[in-house]
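I have placed the structure first, in the form of structure tokens, so that the comments after it can refer back to it.
The figures that follow rest on heavy atoms only: side chains count, while hydrogens, waters and symmetry mates do not. Start at 1 with the first residue, then count along the sequence.
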Amino acid sequence: MPPSDQGGVPALPPNAQPLNPPFDGALKAQIDQAKQDLAQRLGVDVSTIEVVQVAAVTWPDGALGCPRPGMAYIQVLIDGLFVQLRAGDQLYNYHGDGQNPLFLCDAQFGPQV
């Protein structure tokens, strides 16, 4: 199944470098946190959340690939992460800067920098 386009946000950044399991401890912890977050949002068991893809990316600015309307972002390249999760037949894109917890990227939950 090809990656989805959610809310006009590209599923996978063009400069993404796919990462494959096994993931190191820090990366695994970030993925597990994203899975927990999604399970809580959807009211489902975390075991039903599937990791579709994980990639190292360089975001073009402080929006981390998920700009919110009306927000201004620092204009600097930021190394980070992209994690795509699946719950049922729906795909969910999580973005991050590699330092802070990943966040669900949609129009409502983009970074507030």
Side-chain angles (χ1 to χ4, degrees):
M1 172 185 281
S4 73
D5 180 25
Q6 294 198 335
V9 176
L12 189 61
N15 65 4
Q17 298 295 315
L19 301 173
N20 298 308
F23 301 118
D24 69 31
L27 180 53
K28 183 178 183 323
Q30 286 214 332
I31 294 168
D32 288 347
Q33 176 273 328
K35 289 173 65 175
Q36 288 284 349
D37 177 74
L38 185 58
Q40 183 177 9
R41 287 175 189 275
L42 300 178
V44 301
D45 190 273
V46 72
S47 66
T48 65
I49 308 293
E50 174 190 356
V51 178
V52 177
Q53 58 186 336
V54 177
V57 299
T58 301
W59 302 114
D61 57 35
L64 304 179
C66 193
R68 291 175 56 145
M71 296 291 295
Y73 298 94
I74 186 170
Q75 298 299 302
V76 62
L77 297 177
I78 298 174
D79 290 332
L81 295 171
F82 170 87
V83 175
Q84 188 173 63
L85 303 176
R86 178 182 291 131
D89 62 355
Q90 185 70 40
L91 296 174
Y92 299 88
N93 299 327
Y94 277 77
H95 294 203
D97 61 7
Q99 305 299 315
N100 297 296
L102 296 168
F103 65 90
L104 179 60
C105 180
D106 67 20
Q108 187 177 1
F109 299 109
Q112 300 181 35
V113 177

Return the OG1 to CG distance between T58 and L77, rounded to the nearest 0.5 Å.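 Here the rounded value is 6.5 Å.
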According to the interplanar angle, ranging from 0 to 90°, do the rings of H95 and F103 count as parallel (below 30°), tilted (30 to 60°) or perpendicular (above 60°)?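 Judged by the thresholds at 30° and 60°, the geometry between H95 and F103 is tilted.
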Do [X] and [Y] have side-chain heavy atoms sitting under 4.5 Å apart?
| X | Y | result |
| --- | --- | --- |
| C105 | Y94 | no |
| I31 | V51 | yes |
| W59 | D97 | no |

Does Q40 have more than 12 heavy atoms from other residues, nucleotides or ligands lying within 6.0 Å of its CD?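 No, because the 6.0 Å sphere around CD of Q40 holds 12 heavy atoms or fewer from other groups.
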Go through it in stages, so that I can follow the logic: the residues are E50 and L85, the test is side chain to side chain contact (heavy atoms under 4.5 Å, CB included), and I'd like the CA-CA distance, side-chain angles, deciding distance and then a yes or no. CA-CA 6 Å; E50 174 190 356; L85 303 176; over 6 Å; no
Sequence neighbours excluded, which residues qualify as side-chain contact (heavy atoms from CB on, under 4.5 Å) partners of D24?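 Residues passing side-chain contact (heavy atoms from CB on, under 4.5 Å) with D24: A26, L27.
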Does L38 share a hydrophobic cluster with V46, counting links as ILVMFWY side-chain heavy atoms below 4.5 Å and allowing steps through other members?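 Per the 4.5 Å side-chain linkage, L38 and V46 are not co-clustered.
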Find out if a path of hydrophobic residues (ILVMFWY) with successive side-chain heavy-atom gaps under 4.5 Å connects L64 to V76.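 Hydrophobic grouping puts L64 with V76.
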List the steps and the verdict of side chain to side chain contact (heavy atoms under 4.5 Å, CB included) for F82 and N93. CA-CA 7 Å; F82 170 87; N93 299 327; 3.5 Å; yes
Derivation and outcome, side chain to side chain contact (heavy atoms under 4.5 Å, CB included), residues L81 and L102: CA-CA 8 Å; L81 295 171; L102 296 168; 4.0 Å; yes
Is the backbone of V83 close enough, under 3.5 Å, to the side chain of Q30 for a donor and an acceptor to pair up by distance?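 Flag not set: sc Q30 to bb V83 has no pair under 3.5 Å.
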Applying side chain to side chain contact (heavy atoms under 4.5 Å, CB included) to R41 and Y92, what does each step give before you reach the verdict? CA-CA 11 Å; R41 287 175 189 275; Y92 299 88; over 6 Å; no
Closest heavy-atom pair and its distance - L42, A87: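 Heavy atoms of L42 and A87 come nearest at CD1-CB, 3.5 Å.
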List the atom of G62, the atom of I78, and the distance in Å for their closest heavy-atom pair.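 Scanning both residues, the minimum pair turns out to be CA-CD1, 3.6 Å.
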